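One structure is given here, and the rest of the page talks about it.
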Amino acid sequence: MAPDRKVHSFEEVAKHNHTKDCWLIISGKVYDVTPFMEDHPGGDEVLLSATGKDATNDFEDVGHSDSAREMMEKYYIGEIEESTIPQKRTYIPPQQAQYNPDKTSEFVIKILQFLVPLLILGLAFVVRHYTKKD
(Lines give C-alpha, C1' and ligand atoms only; values in the text may rest on other atoms or scores of the structure.)
Protein backbone atom coordinates (compact mmCIF):
# COMPACT_ATOMS: atom_id res chain seq x y z
CA MET A 1 0.00 0.00 0.00
CA ALA A 2 1.31 3.36 -0.93
CA PRO A 3 1.85 5.92 1.81
CA ASP A 4 0.07 9.29 1.91
CA ARG A 5 -3.25 7.93 0.72
CA LYS A 6 -6.25 10.22 0.89
CA VAL A 7 -8.88 10.10 3.63
CA HIS A 8 -12.37 9.89 2.10
CA SER A 9 -15.72 10.76 3.63
CA PHE A 10 -18.52 8.21 3.58
CA GLU A 11 -20.69 10.52 1.45
CA GLU A 12 -17.93 10.81 -1.15
CA VAL A 13 -17.44 7.04 -1.34
CA ALA A 14 -21.20 6.40 -1.50
CA LYS A 15 -21.43 8.45 -4.73
CA HIS A 16 -19.26 5.88 -6.52
CA ASN A 17 -21.92 3.19 -6.94
CA HIS A 18 -22.02 2.43 -10.66
CA THR A 19 -20.51 -0.22 -12.91
CA LYS A 20 -18.16 2.36 -14.46
CA ASP A 21 -17.29 3.92 -11.08
CA CYS A 22 -17.40 1.61 -8.05
CA TRP A 23 -15.76 2.18 -4.66
CA LEU A 24 -16.04 -0.10 -1.64
CA ILE A 25 -15.31 0.32 2.06
CA ILE A 26 -13.72 -2.78 3.60
CA SER A 27 -12.14 -2.76 7.06
CA GLY A 28 -11.85 1.02 7.15
CA LYS A 29 -10.11 1.19 3.77
CA VAL A 30 -11.46 2.49 0.47
CA TYR A 31 -10.99 0.48 -2.71
CA ASP A 32 -11.72 1.56 -6.29
CA VAL A 33 -12.80 -1.79 -7.75
CA THR A 34 -13.98 -0.35 -11.09
CA PRO A 35 -11.26 -2.14 -13.12
CA PHE A 36 -12.16 -5.44 -11.42
CA MET A 37 -15.93 -5.29 -12.07
CA GLU A 38 -15.91 -7.58 -15.12
CA ASP A 39 -13.38 -10.00 -13.63
CA HIS A 40 -15.06 -10.54 -10.25
CA PRO A 41 -16.07 -14.23 -9.98
CA GLY A 42 -19.41 -13.33 -8.42
CA GLY A 43 -20.22 -10.76 -11.09
CA ASP A 44 -20.50 -7.01 -10.91
CA GLU A 45 -23.90 -7.21 -9.15
CA VAL A 46 -22.20 -8.52 -6.03
CA LEU A 47 -19.83 -5.57 -5.91
CA LEU A 48 -22.56 -3.05 -6.67
CA SER A 49 -24.73 -4.41 -3.86
CA ALA A 50 -21.90 -3.65 -1.41
CA THR A 51 -21.61 0.05 -2.35
CA GLY A 52 -22.90 2.85 -0.16
CA LYS A 53 -22.18 0.98 3.08
CA ASP A 54 -19.40 -0.64 5.05
CA ALA A 55 -18.90 -3.83 3.02
CA THR A 56 -16.61 -5.50 5.55
CA ASN A 57 -19.19 -8.07 6.65
CA ASP A 58 -20.17 -8.84 3.06
CA PHE A 59 -16.52 -9.40 2.17
CA GLU A 60 -15.71 -11.53 5.21
CA ASP A 61 -18.87 -13.66 4.97
CA VAL A 62 -17.84 -14.95 1.55
CA GLY A 63 -14.50 -16.26 2.82
CA HIS A 64 -12.14 -14.78 0.25
CA SER A 65 -8.81 -16.49 -0.41
CA ASP A 66 -5.41 -15.07 0.52
CA SER A 67 -4.75 -14.28 -3.13
CA ALA A 68 -7.99 -12.28 -3.29
CA ARG A 69 -6.90 -10.32 -0.22
CA GLU A 70 -3.51 -9.64 -1.81
CA MET A 71 -5.23 -8.54 -5.02
CA MET A 72 -7.12 -5.88 -3.07
CA GLU A 73 -3.90 -3.92 -2.50
CA LYS A 74 -3.77 -2.69 -6.10
CA TYR A 75 -7.30 -1.23 -5.76
CA TYR A 76 -6.59 0.56 -2.47
CA ILE A 77 -7.07 4.33 -2.79
CA GLY A 78 -7.26 5.54 0.80
CA GLU A 79 -8.86 5.36 4.21
CA ILE A 80 -12.42 6.10 5.28
CA GLU A 81 -13.03 8.91 7.74
CA GLU A 82 -14.62 6.91 10.56
CA SER A 83 -16.64 9.84 11.90
CA THR A 84 -18.58 10.08 8.62
CA ILE A 85 -19.80 6.48 8.65
CA PRO A 86 -23.46 6.41 9.72
CA GLN A 87 -24.16 4.63 12.97
CA LYS A 88 -25.65 1.19 12.61
CA ARG A 89 -29.31 1.19 13.45
CA THR A 90 -30.40 -1.11 16.20
CA TYR A 91 -33.41 -3.24 15.45
CA ILE A 92 -36.56 -1.92 17.07
CA PRO A 93 -39.39 -4.46 16.94
CA PRO A 94 -42.76 -3.15 15.73
CA GLN A 95 -45.30 -2.19 18.35
CA GLN A 96 -47.71 -4.98 19.15
CA ALA A 97 -51.23 -4.62 20.44
CA GLN A 98 -51.41 -4.81 24.19
CA TYR A 99 -52.43 -8.18 25.55
CA ASN A 100 -55.88 -8.02 27.10
CA PRO A 101 -56.11 -10.68 29.84
CA ASP A 102 -59.81 -9.90 30.28
CA LYS A 103 -61.25 -11.65 27.24
CA THR A 104 -64.62 -12.29 28.87
CA SER A 105 -66.61 -10.45 26.21
CA GLU A 106 -65.13 -12.62 23.46
CA PHE A 107 -65.63 -15.74 25.56
CA VAL A 108 -69.29 -14.89 26.25
CA ILE A 109 -69.97 -14.32 22.55
CA LYS A 110 -68.47 -17.70 21.64
CA ILE A 111 -70.50 -19.48 24.32
CA LEU A 112 -73.69 -17.76 23.17
CA GLN A 113 -72.99 -18.72 19.56
CA PHE A 114 -72.96 -22.33 20.72
CA LEU A 115 -75.76 -22.25 23.31
CA VAL A 116 -78.45 -20.20 21.50
CA PRO A 117 -78.87 -22.70 18.63
CA LEU A 118 -78.95 -25.55 21.17
CA LEU A 119 -81.66 -23.78 23.19
CA ILE A 120 -83.74 -23.19 20.06
CA LEU A 121 -83.37 -26.84 19.05
CA GLY A 122 -84.28 -27.98 22.58
CA LEU A 123 -87.32 -25.69 22.64
CA ALA A 124 -88.45 -27.08 19.29
CA PHE A 125 -88.28 -30.65 20.65
CA VAL A 126 -90.22 -29.70 23.83
CA VAL A 127 -92.93 -27.96 21.84
CA ARG A 128 -93.16 -30.90 19.44
CA HIS A 129 -93.39 -33.39 22.31
CA TYR A 130 -96.15 -31.59 24.26
CA THR A 131 -98.21 -30.57 21.25
CA LYS A 132 -98.16 -34.00 19.68
CA LYS A 133 -101.58 -35.65 19.57
CA ASP A 134 -101.80 -39.27 20.55
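Heavy-atom basis, side chains included; hydrogens, waters and symmetry copies ignored. These numbers were taken from a predicted model, which means no experiment stands behind them.
- The NZ atom of K29 sits 13.5 Å away from atom CD1 of I77, with the distance rounded to the nearest 0.5 Å.
- Note on F10: it does not cluster hydrophobically with L24, by side-chain heavy-atom contacts below 4.5 Å among ILVMFWY residues.
- F36 places none of its side-chain heavy atoms less than 4.5 Å from the side chain of K74.
- In terms of the salt bridge (charged side-chain N to carboxylate O under 4.0 Å, His left out) criterion, residue partners of E12 (sequence neighbours excluded) are, by chain and number, K6.
- Each of V30, L47, N17, T51 was compared with W23 under the side chain to side chain contact (heavy atoms under 4.5 Å, CB included) criterion, and only V30 meets it.
- By the criterion of side-chain heavy atoms lying less than 4.5 angstrom apart, applied directly or through intervening Ile, Leu, Val, Met, Phe, Trp or Tyr residues, F114 is not grouped with L121; the two fall into different hydrophobic clusters.
- With rounding to the nearest 0.5 angstrom, the CD atom of E11 is 8.5 Å from the NZ atom of K15.
- Connection of I80 to Y76 is not established within any shared hydrophobic cluster, with ILVMFWY side chains joined at heavy-atom distances below 4.5 Å, either directly or through further cluster members.
- Residue pairs meeting the side-chain hydrogen bond (donor to acceptor under 3.5 Å, both in side chains) criterion with at least one partner in residues 52-61, sequence neighbours excluded, are K53-D58, D54-T56, E60-R69.
- Residues I25 and V33 do not share a hydrophobic cluster, clusters being chains of Ile/Leu/Val/Met/Phe/Trp/Tyr side chains in contact below 4.5 Å.
- Hydrophobic cluster membership differs between I26 and V46, with clusters built from Ile, Leu, Val, Met, Phe, Trp and Tyr side chains linked at under 4.5 angstrom.
- Under a cut-off of 6.0 angstrom, the local environment of CD in E82 is crowded, with over 12 non-hydrogen atoms contributed by other residues, nucleotides or ligands.
- Taking OG of S65 as the start and CE of M71 as the end, the distance is 7.5 Å to the nearest 0.5 Å.
- Once rounded to the nearest 0.5 Å, the distance linking NE2 of H8 with CD of E79 reads 9.0 Å.
- Across all non-hydrogen atoms, the minimal contact from D44 to M37 is CB-CE, 3.5 Å.
- Distance alone, capped at 3.5 Å, places no donor-acceptor pair between the H18 side chain and the K20 backbone.
- In this structure, V126 belongs to a hydrophobic cluster whose other members, linked by side-chain heavy atoms under 4.5 Å apart, are Y130.
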